[in-house]
Colleague: 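Before I ask anything, let me first share the structure, which is written out below as structure tokens.
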Amino acid sequence: MGHMQSRRDALGCDSMCIGSMTSARSTLTLFGATIVGRMSDSKALDRFGGARKVCLLIGIVASAVELLIASKASTISTLWMSLIPAALLNQNFTVLKALFGDYHGESASAAERAGSVGKLGMAAGLAFMIGPLASSKFLSTYEQAAVFAAACLLVGAVFISLLPTPDELSSTKQDQNEENGKDSEASTAPKTSKWWSKMVPDFVPAARTPPALFIMSARVCMTLAFHIFQTIWTIALKERFNFGPKEYGQYFGFIGFAYAISQGFLAKFLIQKFASTNKGRARLLLLCSLVLGGGRMFAYQTNSIVAVYAVFCGIITALGIVNTIFTADTSKIASPQELGGLFGVLSSVESMAGIVGPMIGGALSKVHPQHGPLMAVLTLYAIVFTLVYWGYERHVGVHSVASEKKTT
């Protein structure tokens with residue numbers, strides 16, 4: 001990441017250029033996440049080891065193509081071309097979440113799903129921490145970083161090829177259930193509501209159900225809040241704390257480490273301890289929405305960098321809990337034939353918020369450079385709080401109860 005930024009600087013890519021690339025990447029992800037996610041649900045690729053594994057390998061190849069083009073880039077236009085393959089086709093995190101849902105099957109509890117999702121998030125957080133730090137410490141040029149990244153991709157491809165298919169695991173579980181006198185159950189995906197179904201195209205029917213639309217609405221509000229806050233937060237870090245490359249590296253490394261701890265340990269522990277029921281999960285989500293909104297407000301107001309890091313510990317923990325609960329809930333909404341497409345739609349909607357959020361933040365900063373974006377962030381988290389208070393148990397919780405009763 002650090003060497004890529006240096007390469008952009010060397011080619012004369014200014015802040016407007018970087019912003020345009022970010023928006024372009026989000027736009028490509030908007031389409032790619034839904035298409036690749038739905039493709040991962042296909043049964044036509046079973047003879048190649050399953051559609052999920054094929055899509056994961058496609059993502060690896062797309063990232064390799066991006067590295068190859070970027071390493072040969074001598075103009076900004078070539079650099080633009082390099083982002084297209086990975087932004088469009090590398091949706092591996094989305095596909096992995098669907099694959100984890102396949103591995104669990106219908107009988108897994110919310111705590112079990114939360115634990116697996118937490119480990120996946122922990123791996124991503126650790127990589128986000130170790131990658132930039134190791135690159136800045138041991139690799140001196142972009143070419144060296146690209147070679148090392150290509151080696152990492154090759155290792156990833158090997159591990160993907162070793163992944164078991166869901167059918168292999170399900171056949172093992174079915175044999176165990178038959179020995180215990182248990183019958184397998186059919187999918188518990190909720191039926192599409194008549195008026196809700198008009199809001200989303202019929203590409204992924206599960207995405208048109210009330211539980212999916214509830215999660216989608218909450219995540220859109222949170223993503224908008226994040227991107228709007230970033231329009232003033234990056235400036236605050238530079239002006240208030242004089243952040244440079246070293247400080248940004250430490251800051252992002254800390255975020256990666258805190259997110260890994262949150263996803264790997266804290267989220268699962270807190271969910272098992274305080275959110276074993278739907279009412280408990282709703283209360284935990286309400287607390288997290290307060291921490292996310294209030295924490296960002298406090299972080300922006302304080303002049304102590306120690307306080308900033310302390311507050312962001314709470315913010316990142318809350319974010320990890322929310323992501324874990326919503327991901328586990330999402331895996332219970334759709335059947336295995338639609339799960340990848342549903343995760344893809346959710347990722348696409350968040351990408352749309354990533355496109356719109358910075359524009360809203362920039363427009364509000366013209367109204368007032370600080371209070372405009374900050375009030376919008378607090379309003380969005382207030383909307384999330386209201387949605388969870390009135391709708392979580394009614395829409396998502398009801399389906400979770402039905403699913404768990406049907407599988408016990």
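Owing to the predicted nature of the structure, the values given are computational and were not obtained by experimental measurement.
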Colleague: Give me the one residue out of Val322, Ile321, Leu290 that meets side chain to side chain contact (heavy atoms under 4.5 Å, CB included) with Leu285.
Modeller: Val322
Colleague: Kindly compute the distance separating CZ (Arg394) from CG (Leu387), expressed to the nearest 0.5 Å.
Modeller: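 It comes to 11.5 Å.
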Colleague: Does Leu346 reach the side chain of Met216, with side-chain heavy atoms less than 4.5 Å apart?
Modeller: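 Leu346 vs Met216: side chains touch.
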Colleague: Spell out, as yes or no, whether a donor-acceptor pair under 3.5 Å connects the side chain of Thr78 to the backbone of Ala73.
Modeller: no
Colleague: Are any of the side-chain heavy atoms of Phe138 and Gln144 separated by less than 4.5 Å?
Modeller: no
Colleague: Is there side-chain contact between Met375 and His368, with at least one heavy-atom pair below 4.5 Å?
Modeller: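 They are not in side-chain contact.
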Colleague: To check you understand the geometry: which heavy-atom pair defines the closest contact between Val311 and Gly295, and what is its length?
Modeller: CG1-O, 3.2 Å
Colleague: Do any pairs count as a salt bridge (charged side-chain N to carboxylate O under 4.0 Å, His left out) and have a residue in residues 138-164, sequence neighbours left out, and if so which ones?
Modeller: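 Residue pairs with at least one partner in residues 138-164: Arg7-Glu143.
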Colleague: Counting N and O atoms only, with roles assigned by atom type, does the side chain of Arg219 sit under 3.5 Å from a partner on the main chain of Phe214, one being a donor and the other an acceptor?
Modeller: no
Colleague: If we ignore hydrogens and angles and just use 3.5 Å, is the side chain of Ser42 paired with the main-chain N or O of Met39 as donor and acceptor?
Modeller: no
Colleague: Run the numbers on Ser348 and Val345 for side-chain contact (heavy atoms from CB on, under 4.5 Å), then give the verdict.
Modeller: CA-CA 5 Å; Ser348 296; Val345 170; 5.5 Å; no
Colleague: Calculate, to the nearest 0.5 Å, the distance between atoms CG and CG belonging to Leu120 and Asn323 respectively.
Modeller: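 These two atoms lie 11.0 Å from each other.
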Colleague: Please report the shortest heavy-atom distance between Val388 and Ala282, naming the atom on each side.
Modeller: CG1-O, 3.6 Å
Colleague: Decide if atom CZ of Phe93 counts as having more than 12 heavy atoms of other residues, nucleotides or ligands within a radius under 6.0 Å.
Modeller: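 Yes, CZ of Phe93 has more than 12 neighbouring heavy atoms, counting only those of other groups under 6.0 Å.
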Colleague: How long is the gap from CD1 on Ile360 to OG1 on Thr231, to the nearest 0.5 Å?
Modeller: 10.0 Å
Colleague: What's the shortest heavy-atom distance between Ser40 and Ala51, and which atoms?
Modeller: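 Answer, listing the atom of Ser40 first, then Ala51: O-CB, 3.3 Å.
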Colleague: So how far is it from Ile160 CD1 to Cys55 SG, rounded to the nearest 0.5 Å?
Modeller: 10.5 Å
Colleague: Would you find a donor on one side and an acceptor on the other, under 3.5 Å apart, between the side chain of Lys97 and the backbone of Thr327?
Modeller: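 No, Lys97 side chain to Thr327 backbone: no donor-acceptor pair under 3.5 Å.
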Colleague: Within the structure provided, determine whether Leu378 and Met297 are in side-chain contact (heavy-atom separation under 4.5 Å).
Modeller: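 They are in contact (side-chain heavy atoms under 4.5 Å apart), so the answer is yes.
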Colleague: Cation-pi between Arg240 and Tyr300: NZ/CZ under 6.0 Å from ring centre and within 45° of the ring axis?
Modeller: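 Cation-pi check for Arg240 and Tyr300: passes.
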Colleague: According to ring-ring contact (aromatic ring centres under 6.0 Å, His included), who are the partners of Phe229, at least two apart in sequence or on a separate chain?
Modeller: Trp233
Colleague: Does any N or O in the side chain of Asn278 come within less than 3.5 Å of the main-chain N or O of Glu393, such that one atom is a donor and the other an acceptor?
Modeller: no
Colleague: List, one per line, each side-chain donor-acceptor pair under 3.5 Å for residues 57-70, sequence neighbours excluded.
Modeller:
unit_1: Ser63; atom_1: OG; unit_2: Gly59; atom_2: O; d: 3.3
unit_1: Ser63; atom_1: OG; unit_2: Asn90; atom_2: ND2; d: 2.5
unit_1: Glu66; atom_1: OE2; unit_2: Arg25; atom_2: NH2; d: 3.0

Colleague: Checking the side chain of Tyr392 only, and the main-chain atoms of Arg281 only, is there a donor and an acceptor separated by less than 3.5 Å?
Modeller: no
Colleague: Within the side chain of Thr34, is there an N or O that forms a donor-acceptor pair under 3.5 Å with the backbone of Phe31?
Modeller: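 Between the backbone of Phe31 and the side chain of Thr34 there is no qualifying donor-acceptor contact (under 3.5 Å).
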Colleague: Are any of the side-chain heavy atoms of Thr209 and Leu213 separated by less than 4.5 Å?
Modeller: no
Colleague: Between Arg296 and Ile315, does the side-chain contact (heavy atoms from CB on, under 4.5 Å) criterion hold? Intermediate values first, please.
Modeller: CA-CA 8 Å; Arg296 293 189 190 280; Ile315 292 175; 3.9 Å; yes
Colleague: With Ser262, which residues qualify under side chain to side chain donor-acceptor pair (under 3.5 Å), at least two apart?
Modeller: none
Colleague: Could you tell me whether the side chain of Ile232 reaches within less than 4.5 Å of the side chain of Gln370, counting heavy atoms only?
Modeller: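 Gln370 vs Ile232: side chains apart.
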Colleague: With sequence neighbours left out, what residues match Arg52 under salt bridge (charged side-chain N to carboxylate O under 4.0 Å, His left out)?
Modeller: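 By the salt bridge (charged side-chain N to carboxylate O under 4.0 Å, His left out) rule, Arg52 matches Asp41, Asp102.
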Colleague: Which value, rounded to the nearest 0.5 Å, describes the distance between Thr330 atom OG1 and Leu339 atom CG?
Modeller: 8.5 Å
Colleague: I need the minimum non-hydrogen distance between Tyr381 and Gly293, along with the two atoms involved.
Modeller: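 Taking Tyr381 first and Gly293 second, the nearest heavy atoms are CD1-CA, 3.5 Å.
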Colleague: Over all heavy atoms of both residues, which pair between Ala328 and Ser331 is shortest? Give the atoms and the distance, please.
Modeller: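 For Ala328 and Ser331, the tightest heavy-atom pair comes out as O-OG, 2.7 Å.
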Colleague: With sequence neighbours left out, what residues match Tyr309 under ring-ring contact (aromatic ring centres under 6.0 Å, His included)?
Modeller: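 Listed in chain order: Phe254.
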Colleague: Does Ser347 use its side chain to pair, donor to acceptor, with the backbone of Phe343 at less than 3.5 Å?
Modeller: no
Colleague: List the atom of His227, the atom of Ala353, and the distance in Å for their closest heavy-atom pair.
Modeller: CD2-O, 4.2 Å
Colleague: Look up atom OG1 in Thr317 and atom CD1 in Ile261, then write down how far apart they are to the nearest 0.5 Å.
Modeller: 9.5 Å
Colleague: Is Val384 close to Leu380 at the side-chain level, that is, under 4.5 Å between some pair of heavy atoms?
Modeller: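 In short, these two side chains do not touch, never coming nearer than 4.5 Å.
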Colleague: Is there side-chain contact between Thr94 and Val36, with heavy atoms separated by less than 4.5 Å?
Modeller: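 With C-beta onward as the side chain, the pair stays apart.
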